[in-house]
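Computed from a predicted model, the values in this text were never measured in an experiment. Note that ligands are numbered from 1 as they come in the structure, with each ligand's atoms numbered from 1 the same way.
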Amino acid sequence: MISANAALTGSYDPLQVALSVLIAVSASYAALDLAGRVTATRGRARLAWLIGGSTAMGIGIWAMHYIGMLAFRLPVPVEYDWPTALLSLLVGILCSAFALVVVSRRRMGLTYALIGSAIMGCGIAALHYIAMAAMRLPAECRFDFRLVALSVALAIVFSFVALWLEFYFRDEPKNSAWRKLGSALVMGVAISAMHYTGAAAATFIPAASALDQSHAVSISSLGTLGIAAATLQVLGVAVLSSLVDRRFDAQALELALAQARLELAHVARIATMGELTASIAHEINQPLTAVVTNGNFALRQIASGAPNLEELREAIAEIVNDGTRASAVISRIRALLQKGAPDRVELDINEVIQEVTILVRHEATLSGGVSVRLDLAADLPRVLGDRVQLQQVLINLIINSIEAMRTLTDRPRQLLIKSAKNADAVLIQVQDSGKGLDPEQAGRIFEPFFTTKPQGIGMGLSISRSIIESHGGRLWTVPGSSGALFQFTLPTNGNSVS
Ligand code: ADP
């Protein structure tokens with residue numbers, strides 16, 4: 001018998017509670033997964049992911065709340081007003097879309113995260129309380145406002161944590177599946193905790209059914225299972241399509257990289273080997289032959305005991321001329337290499353470093369497993385530069401390092417690439433754990449054609465230095481470090497990467 005003033009005592013169906021937590025965790029997993037897609041895509045594809053993703057996530061959060069409510073058994077029949085239920089679903093979808101937009105931004109500052117989580121937390125709380133308002137039962141619902149406030153606060157705090165987790169895991173680093181699952185667990189349990197705190201805020205006092213019953217529908221246990229199954233299916237399809245899309249993207253990236261690798265190889269070959277050798281052979285051979293001929297003539301004159309001083313002077317003058325011509329040819333070739341249609345654009349140097357690291361990945365693995373570590377400063381200003389030329393410089397430095405570590409046996413082969421802000425410039429360092437630079441030769445390594453390698457050409461560092469200097473920067477080595485440390489600066493235009 002139900003007394004007129006005592007609150008109705010309800011109980012939870014543990015299986016349905018477990019089901020609601022499972023859905024919360026699945027929705028969180030889908031959210032983490034979809035945030036990555038929204039970030040990685042652009043234009044129409046991004047919009048499609050945003051709409052599809054927020055619908056799937058919204059349905060997930062919504063279903064979690066309804067199954068949580070259905071799990072609560074009261075000793076009176078409970079029905080639900082479907083237009084209100086639909087409204088709460090709309091709130092869930094909007095809230096998810098907002099969250100996806102927030103986490104797919106390039107950067108997330110603290111203020112942004114705080115405002116974002118306040119809006120999102122209030123959205124989730126709104127979904128929850130609108131969902132409760134959809135309940136139609138012969139009882140009056142009273143709220144304990146301290147618990148209501150606590151549930152809203154929890155929703156905001158959990159939204160904050162969730163936004164950070166999503167932001168950090170959206171880039172899909174390697175081996176992220178377990179970490180993503182861990183974060184999804186944390187987020188799912190957090191969403192459930194918010195829901196059940198909110199539910200505990202309500203007490204139901206028996207009353208004559210006063211609320212409008214015209215659009216009320218009752219939901220059986222089978223109906224609950226149906227909602228759960230459909231929700232899990234929607235989330236499953238969302239995660240699956242994100243997986244397929246990511247595969248396609250990865251393939252496209254591989255293709256683009258293969259293309260870039262080919263182009264770079266081509267540039268490098270033309271720059272260092274083919275054209276250079278041919279022009280040098282052709283253009284330098286002539287003055288050299290003349291130098292030898294004139295030198296021999298001068299020697300014979302001196303050996304004769306009575307040299308014709310006038311002819312001797314002419315021969316030596318020609319030797320000087322030919323020498324100057326030969327060096328002019330070399331300067332011309334270098335100038336040609338430097339010019340190569342520079343294409344200056346504003347760049348994020350960290351991006352260039354990351355691209356190059358991917359390009360040399362194979363080389364690093366093949367050369368006895370060189371581990372490449374990046375230590376890139378956040379918020380670096382942009383630099384004005386030619387992407388391909390700067391890639392070439394980095395590739396030269398990295399390949400030199402890899403080659404210098406090839407013979408290492410007593411310590412790990414490690415390569416560290418670092419970027420940092422430095423007065424009006426950015427500073428990039430490439431350091432290896434190799435044998436380092438021989439102090440006697442260190443002064444000469446930037447000279448054209450200086451090499452200590454049997455197959456070397458000795459143009460890599462010389463070309464790299466000209467490229468950096470043509471960008472208004474400086475390239476040099478830092479003595480006294482273990483291994484070799486090369487570093488260069490690039491002037492900045494003061495605009496921060498955003
Ligand atoms: P190449 O690689 O064809 O020899 P470079 O101009 O790139 O031409 O390099 C010139 C020389 O500088 C190399 O032969 C080598 O002796 C020295 N060198 C360059 N980088 C390193 C390094 N990371 N460690 C040790 N020596 C280096």
- Query: Going by distance only, is there an N or O of T452 that falls short of 3.5 Å from an N or O of ligand 1?
  - Reply: yes

- Can you tell me the protein heavy atom closest to atom 10 (C) of ligand 1 and the distance? F450 O, 3.4 Å

- Task: Return yes if some donor-acceptor pair links the side-chain N/O of N350 with the main-chain N/O of A377 below 3.5 Å, else return no.
- Result: yes

- Does the D386 side chain pair with the main chain of Q389, one donor and one acceptor, at a distance under 3.5 Å? yes

- Run the contact test for G434 against ligand 1 with a 4.0 Å cut-off on heavy atoms, strictly below, and give the result. no

- Note on the structure: min-distance protein heavy atom vs atom 2 (O) of ligand 1 -> K453 NZ, 2.7 Å

- Mark up the atoms of ligand 1 that fall under 4.0 Å of a heavy atom belonging to L461, in ascending order. 5 (P), 6 (O), 7 (O), 9 (O), 10 (C), 12 (O), 19 (C)

- Message: Out of all atoms in ligand 1, which are within 4.0 Å of some heavy atom of A484? Include the element for each.
- Response: 22 (C), 23 (N), 24 (N)

- Taking distance alone, with no angle check, do Q441 and ligand 1 share an N/O pair under 3.5 Å? no

- Query: To the nearest 0.1 Å, how far is atom 12 (O) of ligand 1 from its closest protein heavy atom, and which atom is that?
  - Reply: I445 CG2, 3.3 Å

- Item | Structural part of D432 in contact with ligand 1, heavy atom criterion under 4.0 angstrom | side chain

- protein heavy-atom neighbour closest to atom 4 (O) of ligand 1 works out as T451 OG1, 2.6 Å

- Query: Cation-pi between R465 and F446: NZ/CZ under 6.0 Å from ring centre and within 45° of the ring axis?
  - Reply: yes

- Check: T492 side chain, D424 main-chain N or O, donor-acceptor pair, under 3.5 Å: yes

- Message: Could you check whether atom CD of Q233 has more than 12 heavy atoms from other residues, nucleotides or ligands sitting under 6.0 Å from it?
- Response: no

- Query: How far is atom 27 (C) of ligand 1 from its nearest protein heavy atom, and which residue and atom name does that atom have?
  - Reply: L437 CD2, 3.4 Å

- Message: Students should be able to answer this: which protein heavy-atom is nearest to atom 19 (C) of ligand 1, and at what distance?
- Response: N400 ND2, 3.5 Å

- Task: Could you find the nearest protein heavy atom to atom 8 (O) of ligand 1 and give me its residue, atom name and distance?
- Result: G458 CA, 3.2 Å

- Task: Give the residue, atom name and distance (to 0.1 Å) of the protein heavy atom nearest atom 21 (C) of ligand 1.
- Result: F486 CE1, 3.9 Å

- Apply side chain to side chain contact (heavy atoms under 4.5 Å, CB included) to the pair L427 and Q429, showing each step before the final yes or no. CA-CA 7 Å; L427 176 74; Q429 296 185 316; 4.1 Å; yes

- Task: Pull out every atom of ligand 1 sitting under 4.0 Å from any heavy atom of S401, numbered as shown with elements.
- Result: 23 (N)

- K421, NZ: over 12 other non-hydrogen atoms inside 6.0 angstrom: yes

- Is the number of heavy atoms from other residues, nucleotides or ligands within 6.0 Å of CZ (R373) greater than 12? no

- Donor-acceptor contact present, side-chain S96 to main-chain G58, <3.5 Å: yes

- Item | ligand 1 contact by G436, heavy-atom criterion under 4.0 angstrom | yes

- Task: Look only at interatomic distance and state if K435 has a nitrogen or oxygen under 3.5 Å from any nitrogen or oxygen of ligand 1.
- Result: no

- Short N or O distance, A404 and ligand 1, threshold 3.5 Å exclusive: no

- Checking L437, I428, N400 against F486 for side-chain contact (heavy atoms from CB on, under 4.5 Å), the one that qualifies is L437

- SB check R474 E469 (cutoff 4.0 Å): no

